[in-house]
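Below you'll find the structure, written out as structure tokens, and then a few comments.
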Amino acid sequence: MDAAQLLADQREIHGVDLSGLSLGDHLTGDGPYVFRECDLTGADLTGASLVEASFERCVLERADFRRADLDGARFSGGGGAGLRFANAELVDATFTDVDLSGARFELALLTDATFTGCRMIGAVLSACRGTGYRFEGSNLALADLTGCSFRGLHLRGVRFDDANLSGCDFTKTVFDDCRMIGARVVETVFTKADLRGADLGEVDDTRLRSLRGAVVSSTQAALILAGRGLTVI
């Protein structure tokens with residue numbers, strides 16, 4: 001059975017090799033579709049209608065979801081490097097324990113999308129649209145988050161090491177068991193942000209200026225001052 005016939009006849013696809021296939025035109029929007037333990041390596045799902053679709057433990061390396069409608073979609077387990085979500089609709093989408101290393105989300109609509117336990121090293125979320133997207137227990141080291149808004153969120157267990165946070169808005173954001181070692185914070189806003197649960201790493205003068213208005217612990221303040229030759233007694 002070819003891909004077109006398979007997707008026309010079934011809504012639950014289990015263990016099928018769909019790698020390298022062009023699938024966008026065969027997804028009719030009459031779903032929701034469930035893809036379980038499928039191989040979608042390099043699959044082309046550009047512009048596909050995948051509202052409330054489910055991807056469970058699928059291999060998704062280099063899969064192309066650009067301009068796809070993924071509102072309410074659920075991704076759990078699996079994943080792979082080089083996923084593309086540029087200009088995709090991802091309202092209320094959830095990603096749980098997914099490898100999104102190097103994934104590209106430029107101009108994607110991420111309103112209320114949730115990322116939990118995801119590996120997002122080197123992911124690109126600059127210029128993404130929407131608000132209310134949430135991250136918990138996820139690794140965003142080396143990610144490009146330029147201009148993203150985390151305003152008022154409670155971030156738990158998020159790693160921002162060496163990430164580009166330039167222009168991000170962390171107003172009133174609470175950091176809990178987070179790390180920002182080596183993160184770039186040019187014109188980043190931390191007004192009333194609670195950084196007491198964040199490992200800031202070494203804070204040079206440029207980073208210190210960006211932290212203006214944030215709340216830090218006495219231990220963090222002492223480390224910052226010690227780096228400038230001052231001792232707090």
Side-chain angles (χ1 to χ4, degrees), residues 42 45-46 60-68 70 73 75 79-91 93-171 173 175 177-191 193 195 198-204 206-211 214:
L45 298 105
T46 305
L60 299 170
E61 187 167 351
R62 303 188 314 280
D64 190 349
F65 289 95
R66 287 178 296 173
R67 302 189 304 280
L70 289 156
F75 293 79
L83 274 153
R84 288 184 283 179
F85 291 98
N87 287 286
E89 304 285 317
L90 287 158
V91 175
T94 61
F95 295 82
T96 305
D97 299 325
V98 182
D99 183 0
L100 295 167
S101 300
R104 304 190 71 91
F105 291 87
E106 299 103 317
L107 297 176
L109 182 59
L110 295 177
T111 298
D112 295 328
T114 303
F115 300 85
T116 305
C118 293
R119 176 183 171 88
M120 303 181 72
I121 297 172
V124 178
L125 291 94
S126 56
C128 66
R129 298 173 289 138
T131 59
Y133 37 85
R134 298 177 295 280
F135 299 88
E136 184 167 347
S138 295
N139 189 346
L140 284 151
L142 298 170
D144 184 355
L145 298 155
T146 304
C148 288
S149 175
F150 300 90
R151 189 182 185 97
L153 297 184
H154 191 153
L155 299 174
R156 297 180 178 87
V158 181
R159 302 292 179 259
F160 291 111
D161 296 347
D162 297 309
N164 188 352
L165 304 178
S166 298
C168 287
D169 185 358
F170 289 103
T171 300
T173 301
F175 292 79
D177 188 27
C178 295
R179 282 197 340 208
M180 301 172 62
I181 298 173
R184 181 177 174 82
V185 289
V186 177
E187 296 184 359
T188 306
V189 178
F190 288 99
T191 304
L195 294 171
D199 184 346
L200 303 175
E202 183 178 350
V203 180
D204 59 21
T206 299
R207 299 189 75 202
L208 185 59
R209 284 192 294 272
S210 293
L211 298 179

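- For the pair Thr94 and Phe75, the minimum side-chain heavy-atom distance is 4.5 Å or more.
- At a threshold of 4.5 Å between non-hydrogen side-chain atoms, the residues Arg134 and Asp112 count as touching.
- Between Ala81 and Glu61, the shortest heavy-atom contact is O-CG, 3.3 Å.
- Considering all non-hydrogen atoms of both residues, Ser138 and Cys118 come closest at OG-N, 3.0 Å.
- Going from atom CD of Glu202 over to atom CG of Leu208 covers 12.0 Å, rounded to the nearest 0.5 Å.
- The aromatic rings of Phe170 and Phe190 sit parallel to each other, their planes meeting at less than 30°, with 60° as the upper class boundary.
- Looking at Arg159 and Asp161, no side-chain N of the basic residue comes within less than 4.0 Å of a carboxylate O on the acidic one, giving no salt bridge.
- Interatomic distance, OG1 of Thr114 versus CZ of Phe135, reported as 9.5 Å (0.5 Å rounding).
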Stepwise side-chain contact (heavy atoms from CB on, under 4.5 Å) test for Cys128 and Tyr133: CA-CA 10 Å; Cys128 66; Tyr133 37 85; 3.9 Å; yes
Stepwise side-chain contact (heavy atoms from CB on, under 4.5 Å) check, Phe105 with Arg84: CA-CA 7 Å; Phe105 291 87; Arg84 288 184 283 179; over 6 Å; no
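- Here the straight-line distance linking atom OG of Ser126 with atom CG of Asp144 works out to 4.0 Å at 0.5 Å rounding.
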side-chain contact (heavy atoms from CB on, under 4.5 Å) evaluation trace for Phe115 with Thr96: CA-CA 6 Å; Phe115 300 85; Thr96 305; over 6 Å; no
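- For the atom pair CG (Leu110) and CG (Leu70), the distance works out to 10.5 Å, reported to the nearest 0.5 Å.
- Shown here for Val185 and Ser210, the closest heavy-atom pair between the two residues is O-OG, 2.6 Å.
- Contact check for Glu106 versus Val124: side-chain heavy atoms found under the 4.5 Å cut-off.
- Between Leu211 and Leu200 the shortest side-chain heavy-atom distance falls below 4.5 Å.
- Thr146 is not listed as a side-chain neighbour of Arg184, based on a closest heavy-atom distance of 4.5 Å or more.
- When atom types are taken as modelled, the side chain of Thr173 and the backbone of Phe150 share a donor-acceptor pair closer than 3.5 angstrom.
- Interatomic distance, CD of Glu187 versus CG of Leu165, reported as 13.5 Å (0.5 Å rounding).
- Defined by atom type and a distance below 3.5 Å, a donor-acceptor pair is missing between the side-chain atoms of Arg67 and Thr46.
- Here the two rings, on Phe95 and Phe85, have centers that are under 6.0 Å apart.
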From CA spacing to verdict: side-chain contact (heavy atoms from CB on, under 4.5 Å), Arg66, Asn87: CA-CA 6 Å; Arg66 287 178 296 173; Asn87 287 286; 5.9 Å; no
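- The structure places SG of Cys148 at 9.0 Å from CG of Leu140, a figure rounded to the nearest 0.5 Å.
- Using a 4.0 Å cut-off between charged nitrogen and carboxylate oxygen, Glu89 and Arg129 count as a salt-bridge pair.
- At a threshold of 4.5 Å between non-hydrogen side-chain atoms, the residues Asp199 and Ile181 count as touching.
- Closest of all the heavy-atom pairs between Thr188 and Cys168 is CG2-O, 3.4 Å.
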